[in-house]
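What follows is a set of notes on a single structure, which appears directly below.
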2 protein chains.
Amino acid sequence: MPKIVDAEARRQEVVQAVFRIIASDGLERASLREVADEAGLAVGSVRHYFSSSDELLVFSFGAVIDRIADRLEAAMSAVEAKSPGSPEQQAAVLNLLGQVLPLDEELAVDACVWMAFRHAARIKPVLAAEAARSHRTVAAVVGRLIMLLSPGEADAHQTLVTEAERLLATMDGLCMHALLQPEWMTAEMCSDVLTAHLRSLGAVPTVR
Amino acid sequence: MPKIVDAEARRQEVVQAVFRIIASDGLERASLREVADEAGLAVGSVRHYFSSSDELLVFSFGAVIDRIADRLEAAMSAVEAKSPGSPEQQAAVLNLLGQVLPLDEELAVDACVWMAFRHAARIKPVLAAEAARSHRTVAAVVGRLIMLLSPGEADAHQTLVTEAERLLATMDGLCMHALLQPEWMTAEMCSDVLTAHLRSLGAVPTVR
DNA sequence: TATTTTTTAGCACGAACGTGCTTCAACACC
DNA sequence: GGTGTTGAAGCACGTTCGTGCTAAAAAATA
């Protein structure tokens, strides 16, 4: 009966428009009118697929989380496939951590959008649930990575948690600086910092 | 001739209102009307002291940068007054790094406002100059700290820069997590992570 | 071809925004 | 005690926002 349109594909197109607007003009400019223009649609059309502005934003937040989570999961599998301590594993780990950094234009858009939504979630309660999911998802991957890289010591649970949070903080800090001060935080500086951090992981394995 | 009013004090009161609004409702809610209400003034009065909305925001950004810079400078002096390697110095360093974290309500407001302005500066060109100043100021303090804590090796300039950026990233990441996920990133977790980071500084002193 | 249902487009309303401009009140000075 | 400068207040205009609601267009089915 209807015009044959893949609803899910349309929603993804709209979400991509949201991403582009957030990356270039910020989340507060991602209004229905701006999104509709960017997607080449009318406001009524966008509202046909997303019943409200909030629903569009929450869906877009979830979409970027899924994108990042998928990339991290794939990169984590690659890490686990390498032999422990090998240079190949080291490279795979750097690749994994680089998935959340704006190292190319596509990654930069995701990083921008991800940051914008997480900060917006502090204020907008509708985004809180997705923000918590985002944190849990990434923390789980980083936790597995820390367990993999920490020599033995399955008992020192406290150390593992602290080291996971430490790596998580460094990753988000690097992402922030690469987005906000790209002149100072270049891609190779990111790589140097991450390498130094990984060296510090191996060098301070046990508590105290 | 005029009504006797300390203009600078009035400006500071308005700025404090801006801070409270940003901390509780976000930067985008810091409109002239909201700020005037929060300060107990009329829109026209606020505009008497700040000729435009942009000027108010830029001035407020500068104010929070100055607050943080002053605290860091004072804490840095305290660090330099302690004997190198002593537990007192260790405590002073932790205190220094804690100045940018939301460890109490006053610090939390500053951290919120600081983060909000830095992220807004990516989009709003009027804030770019202050954002650069913010980065330079904090980076200078952290650079001095790294030089103070790094054993010898005045030659390895690359290592010092990398370690400064690494500490800077960790600080901002911790600040982010403490603001956005306070359930996970508690004050003691911040302390644990910073302590682990400082241990990693001493443990991996030289390049390679 | 006629019908039915989805998709697309658009209008209208109230609210909030920044800002130019005008008006009122208050106080220091001659 | 006038008087003029300045702080405080507010109106008005044009924009933009979300959203409820209506109307046209398009395509698969009868």
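Below, chain A is the first sequence line, B the second, and so on; all start at residue 1.
Without hydrogens or angle criteria, B:Ser134 side chain to B:Glu130 main chain gives no donor-acceptor distance under 3.5 Å. Here the side chain of B:Ser45 pairs no donor or acceptor atom with the backbone of B:Leu41 at under 3.5 angstrom.
The CZ-P distance, from B:Arg10 to D:dT6, rounds to 17 Å in whole Å. Rounded to an integer number of Å, the gap from CZ of B:Arg11 to P of D:dG7 is 12 Å. Between the CZ atom of B:Phe50 and the C1' atom of D:dA8 there is a distance of 15 Å, rounded to whole Å. Atoms CD (A:Glu55) and P (D:dG18) sit 14 Å apart, rounded to a whole Å. Rounded to an integer number of Å, the gap from CG of A:Leu57 to C1' of D:dC17 is 13 Å.
Contact between the side-chain N/O atoms of B:Ser45 and the OP1/OP2 oxygens of D:dG7 is not found at any separation under 4.0 Å. Between A:His48 and the phosphate of C:dT8, there is no side-chain N or O to OP1/OP2 separation shorter than 4.0 Å.
Under 3.5 Å, the side chains of B:Arg47 and B:Ser52 contain no donor-acceptor pair of N or O atoms. Using a 3.5 Å distance cut-off with no hydrogens or angles, the side chains of B:Thr162 and B:Gln158 do pair a donor with an acceptor.
Taking the ring centroids of B:Trp184 and B:His177, they lie at or beyond the 6.0 Å cut-off.
Between B:Arg47 and A:Arg47, the residue whose closest nucleotide on DNA chain D is further toward the 5' end is B:Arg47.
Near DNA chain D, meaning a heavy atom under 4.0 Å from it, residues 21-43 of chain B has B:Arg33, B:Leu41, B:Ala42 in order of number.
Using a 4.5 Å cut-off on side-chain heavy atoms (C-beta onward), A:Val138 and A:Leu72 make contact.
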